[in-house]
Every structure is written in structure tokens, then in C-alpha cells.
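Step one of this worksheet: look at the structure below.
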Amino acid sequence: MPTPCHDLHCHSTASDGTLAPAAVVRRAATRGVDVLALTDHDATAGLAEAAAEARRTGLGFVPGIELSVTWSHQTVHIVGLGIDPADPDLAAGTARLREFRDWRAAEIARRLEKHGIPGALEGARRFCKGAILSRTHFARFLVEEGHARDVRQVFRRYLVKGKPGHVPGQWASLEEALGWIRGAGGLAVIAHPARYRFSATRLRQLLGAFRELGGAGLEVVSGSHSHDDSLRMAHLARQFGLLASAGSDFHGPENAWYELGRLPALPEGCRPLWHSPAWQAATGLRPVAEAS
Ligand code: AMP
Ligand code: MN
Ligand code: MN
Ligand code: MN
């Protein structure tokens, strides 16, 4: 039997994805995914629909989330896998993050208006189908208005540090995020670790702090990682005693290079998250046999 395909990071319309939760699950099934985690930003609203569709489709499903964290003056994303969405502390924590998002959205719109782009809050809201307003929704509006040719260009021109629509994040602390995820029965994983603009030393500090707080894994394979990134992260995971995770970070079919299930194998020597006893405890899914 081939090794089951685990895609443990993706988004739906419950955050900044463009497919409804059930549609994400159906697409994953047709792309050869065996076990899928839906991990919307700071929101669990899509999980019930996705879980129901996964039961119909016969796909292994892991309820997840991607929490926004501020650490060392940067935004870091922590994926929680096997969480109980009804957990009150997690619910209260994500509600606080969504409140910040609402405030930030108004502030982004105010800054863009000063820069000569009116109506961005209403514009972004038109692209938003769920409970959280993301910079991605602003980006889609700005592309529609002709301010940039694609979402990436909008980020570069308007939404990152030093640009007119940038508002610094004030997200959860690392300690809070791990507390919420672990309190809700989940495993914490550092998302797309090669994407952060930390020095090598800072990144190692992050991994150390994360491990100290009970973090479980590192996303060694990510849609946004090169082969070299994955090799580097595999090495760090081993050094820090972290398990290896994999996720496409799929946001929708528009973005062809982050596709569900399109994931290279974990590099040699990684300990996959789904081989661990902790995986079964958190997800109720049987750990996959070591031999593969
Ligand atoms: P937010 O959490 O609202 O600040 O938005 C962050 C989201 O924007 C990420 O999850 C990505 O989906 C998207 N994003 C961030 N940076 C870029 C970029 N440079 N190009 C395209 N999308 C980006
Ligand atoms: Mn996103
Ligand atoms: Mn992310
Ligand atoms: Mn993501």
C-alpha cells in the first residue's frame, strides 16, 4: 500500500480561502488526499461542515486551526491539529483575534483612503464569506479595482511593512496560542517555518521556546517551501525533537501552485507527526505504520 497522503494545512471560505469547507474536502478527495486538516485562520466555523462532508466522502478528517501569533515583532502562524472547536478558552481566544481583525480592517481601509483608495472596507467585505476579514480580502478587492495585477503584487505594494495599507499585527502570544491549542486537545505545529524573516539564531530561539511550551511539530513540507527549505527544516526538526508535518496551505483553485495533496514526501530521517502516539490521542486516527 502506498503511504497515505496527509495534507494538514488548508483554508476555506471560513477564512481567506475561496472554496466552501465541503468543497475543499471534495477537492482533496479527488486529489488523492487520505487525511485532511482544515486550518482556517483564527476561526473554527468551517469545521462542522468539513467534517460532515469528510464522513460522506470517506476521507480522514482532522479539525484544525491556524492561529496568528506575534513573536519577536513578527507574525508567526501556529497550526493546531485535532482541536475541539467547542473548547471555551480556544473560542474566547479566537474571538479576541477576530476583534483585532475587525479593528485592523477599519484601520487598513482608513490608511488606504488617505492614500487615495476609498471604499476598501466595503470592498474587502464583498470578498469575505466567513467571520474573519483578512488582508487577502483587501488584496482581492485591490486587484479588482486595478491597483495591482495580482494578489502578490498588492501585498508588495500596499500591505506589507513600510507600505501605505500596513497595520502591524497584535496577535496572540506564543504562550497563549499553545495554551489554547493544547487546552483544546490539539497538537501545535509551526506553520511554513522557512517563510519567516528571522535570522538563523532567532529561528532557533523560536523553535526552542515553542518546544519548551509543549509544541509538537514543524511543518517541514509546505506549499510555500522549496526542496532546500524542506531539507533545512527537517534538520532543525530533528535537532529540536519536533515531529514533521506537511500541508499545502491551499487557499483555492485560483492559486495553482498551492494545490491540495501536491506534497513531496518528507525528507529522510523525519519523524512524521502521524506516526506518533500523540497523533492518535489528538485526532482519534490510528497512527500510520512506520514501515512505508
Ligand atoms: P492576515 O492574516 O489577514 O494578515 O493575512 C495573511 C494572509 O495573507 C496569509 O495567510 C496569506 O494567505 C496571505 N499572504 C500573506 N502574504 C502574502 C503575499 N506576499 N502574497 C500573497 N498572499 C499573501
Ligand atoms: Mn491565508
Ligand atoms: Mn500562514
Ligand atoms: Mn495557511
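Order of listing sets the numbers, starting from 1, for every ligand and every atom in it.
Among the backbone and side-chain atoms of H9, none of the N, O or S atoms lies under 2.8 Å from the Mn ion (ligand 3). Backbone or side-chain N, O or S atoms of H192 reach the Mn ion (ligand 3) at under 2.8 Å.
Taking each heavy atom of A43 and A14 in turn, the nearest pair found is CB-O, 3.9 Å.
Side-chain contact of Q153 with R156: a donor-acceptor pair under 3.5 Å is absent, judged by distance alone. A donor-acceptor contact closer than 3.5 angstrom is absent between the side chains of S222 and D249. Side chains of H11 and E66: a donor-acceptor N/O pair is present below 3.5 angstrom, by distance only.
Atom ND1 is the N, O or S atom of H77 at the shortest distance from the Mn ion (ligand 3). Nearest N/O/S atom of H41 relative to the Mn ion (ligand 2): this is NE2. Looking at E66, its N, O or S atom nearest to the Mn ion (ligand 3) turns out to be OE2. Take the N/O/S atoms of D16: the one nearest the Mn ion (ligand 2) is OD2.
Rounding to the nearest 10°, we obtain 90° for the angle at the Mn ion (ligand 4) between D249 OD1 and H11 NE2.
Salt bridge status for R140 with E254: absent, with no side-chain N to carboxylate O gap under 4.0 Å.
In this structure, H6 and W279 have perpendicular ring planes: the angle between them is above 60°, well past the 30° mark.
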